[in-house]
Each structure stands twice: as structure tokens, then as C-alpha cells.
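What follows is one structure encoded as C-alpha cells, with my remarks underneath.
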Amino acid sequence: MASTPLTLNLVEGSVSFSFSPQAARELKAAIAQLMERLKAVSAKATPGTKATPQPPLEYRYTGEVFVEIFCNPNIWPTPFAAKVLLTVRDVSIRLTTEAELTRLIEDVNQYLEQVG
């Protein structure tokens, strides 16, 4: 059974790869946790107070390709400014780049709508 490819739009260009609906749901849940961490960091960003450091998002998927998404919520002022480090690789190619978190959320949601 061939899976529907996930297309992630990057700052310049896009990348598509084989991805499972289950993996997309897991990624969506991981991003939801990251959004809560980002909101916690931005809510505490008042002068003179120290925010509690939040754990980073470290998502990994192994299928036809290996996908890794990393984001440190402690370095972004708001969830809307946040970017993730994206790595997609297989035996013959490796792509590492930044992607906007808000665009990643839109792409994963659109993928989940396509696959039902």
C-alpha cells in the first residue's frame, strides 16, 4: 500500500516524502505539546522574572526516509516566530534546513485532511 506523501513547505521550496497517517498524528500531538511550551515561555517573558526552561521538541520518524524535527522553545519570543530544524534523509540524500513552525502545523493538518 503506497502512502500519501507529506509535503512540507520551507522558507524557500518544499520537500515531499513518504509518511504514514499515524506518524502525522503523532507529529501533530508532539507539536501541540511544543505549542504549550512556547506559550509558557512567552507568558513568563516579563522583565525581572526568570522563565522555567522548557524541554525541546525532538521528533523522529523512521520509514522509507528518516525524519527528525527539533525545536528549542526557550529561544523563541512567541509561537508565531518559532522555527524548527528539519532533517530528512535516506541512504542517498540528506536535507537539513529550517522551517517555520506555523507552516509545519498547516502542512501536517492539510496532510491529515487528505488522508482522512
Side-chain angles (χ1 to χ4, degrees):
M1 178 175 106
S3 63
T4 302
L6 170 63
T7 299
L8 298 179
N9 292 288
L10 309 172
V11 174
E12 291 186 19
S14 64
V15 62
S16 296
F17 49 89
S18 179
F19 206 63
S20 73
Q22 179 60 34
R25 285 187 285 276
E26 291 169 5
L27 176 55
K28 184 175 180 173
I31 291 171
Q33 291 177 345
L34 173 64
M35 289 297 286
E36 291 304 314
R37 294 175 195 154
L38 283 160
K39 289 175 185 173
V41 169
S42 65
K44 301 270 196 240
T46 54
T49 63
K50 185 169 179 164
T52 303
Q54 296 292 317
L57 165 67
E58 296 182 57
Y59 174 84
R60 289 181 184 86
Y61 167 78
T62 303
E64 289 183 32
V65 296
F66 172 81
V67 178
E68 184 174 50
I69 298 173
F70 176 84
C71 181
N72 180 350
N74 302 298
I75 62 172
W76 302 106
T78 70
F80 304 105
K83 292 186 180 178
V84 299
L85 180 64
L86 169 70
T87 301
V88 179
R89 68 179 162 89
D90 69 6
V91 294
S92 58
I93 191 167
R94 177 187 185 110
L95 168 73
T96 302
T97 188
E98 275 189 340
E100 296 171 342
L101 177 60
T102 53
R103 185 70 236 189
L104 175 65
I105 292 168
E106 290 173 18
D107 292 341
V108 170
N109 288 338
Q110 183 176 9
Y111 173 82
L112 286 169
E113 287 173 13
Q114 287 176 352
V115 298

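Residue indices begin at 1 and follow the sequence shown. Basis for what follows: all heavy atoms, side chains included, without hydrogens, waters or symmetry-related copies.
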Cluster link [X] to [Y], ILVMFWY, side chain under 4.5 Å:
| X | Y | answer |
| --- | --- | --- |
| Phe66 | Tyr61 | no |
| Ile105 | Val41 | no |
| Leu8 | Met35 | yes |
| Ile75 | Leu38 | yes |
| Leu27 | Phe17 | yes |

Looking only at atom types and distance, does a side-chain atom of [X] sit under 3.5 Å from a main-chain N or O of [Y], one as donor and one as acceptor?
| X | Y | answer |
| --- | --- | --- |
| Asn74 | Gln54 | yes |
| Arg94 | Thr87 | no |
| Asp107 | Asn9 | yes |

How about [X] and [Y]: do any of their side-chain heavy atoms sit closer than 4.5 Å?
| X | Y | answer |
| --- | --- | --- |
| Pro5 | Tyr111 | no |
| Val67 | Leu6 | no |
| Asp90 | Glu64 | no |

For [X] against [Y], the heavy-atom pair lying closest together:
| X | Y | value |
| --- | --- | --- |
| Ser18 | Val65 | O-CG2, 4.2 Å |
| Leu112 | Pro21 | CD2-O, 3.9 Å |
| Ala24 | Val108 | O-CG1, 3.7 Å |
| Pro56 | Asn72 | CB-CA, 4.1 Å |
| Pro77 | Ser42 | O-CB, 3.1 Å |
| Gln114 | Thr4 | OE1-CG2, 3.9 Å |

Interatomic spacing from CZ in Arg103 to OG in Ser14 - rounded to 0.5 Å: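 It is 9.5 Å, given to the nearest 0.5 Å.
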
To the nearest 0.5 angstrom, please state how far the CD atom of Glu106 sits from the CG atom of Leu101.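 The distance works out to 10.0 Å.
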
Stepwise, does the side chain to side chain contact (heavy atoms under 4.5 Å, CB included) test hold for Leu57 with Gln33? CA-CA 8 Å; Leu57 165 67; Gln33 291 177 345; over 6 Å; no

Are more than 12 heavy atoms from other residues, nucleotides or ligands located less than 6.0 Å from atom CZ of Phe70? yes

Under the salt bridge (charged side-chain N to carboxylate O under 4.0 Å, His left out) test, residues paired with Arg60 that sit two or more places apart: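 Once residues adjacent in sequence are excluded, the partners of Arg60 under the salt bridge (charged side-chain N to carboxylate O under 4.0 Å, His left out) criterion are Glu58, Glu68.
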
Ile31 vs Ile69, test: side chain to side chain contact (heavy atoms under 4.5 Å, CB included). Steps then yes/no. CA-CA 10 Å; Ile31 291 171; Ile69 298 173; 5.9 Å; no

From CA spacing to verdict: side chain to side chain contact (heavy atoms under 4.5 Å, CB included), Leu104, Leu86: CA-CA 10 Å; Leu104 175 65; Leu86 169 70; over 6 Å; no

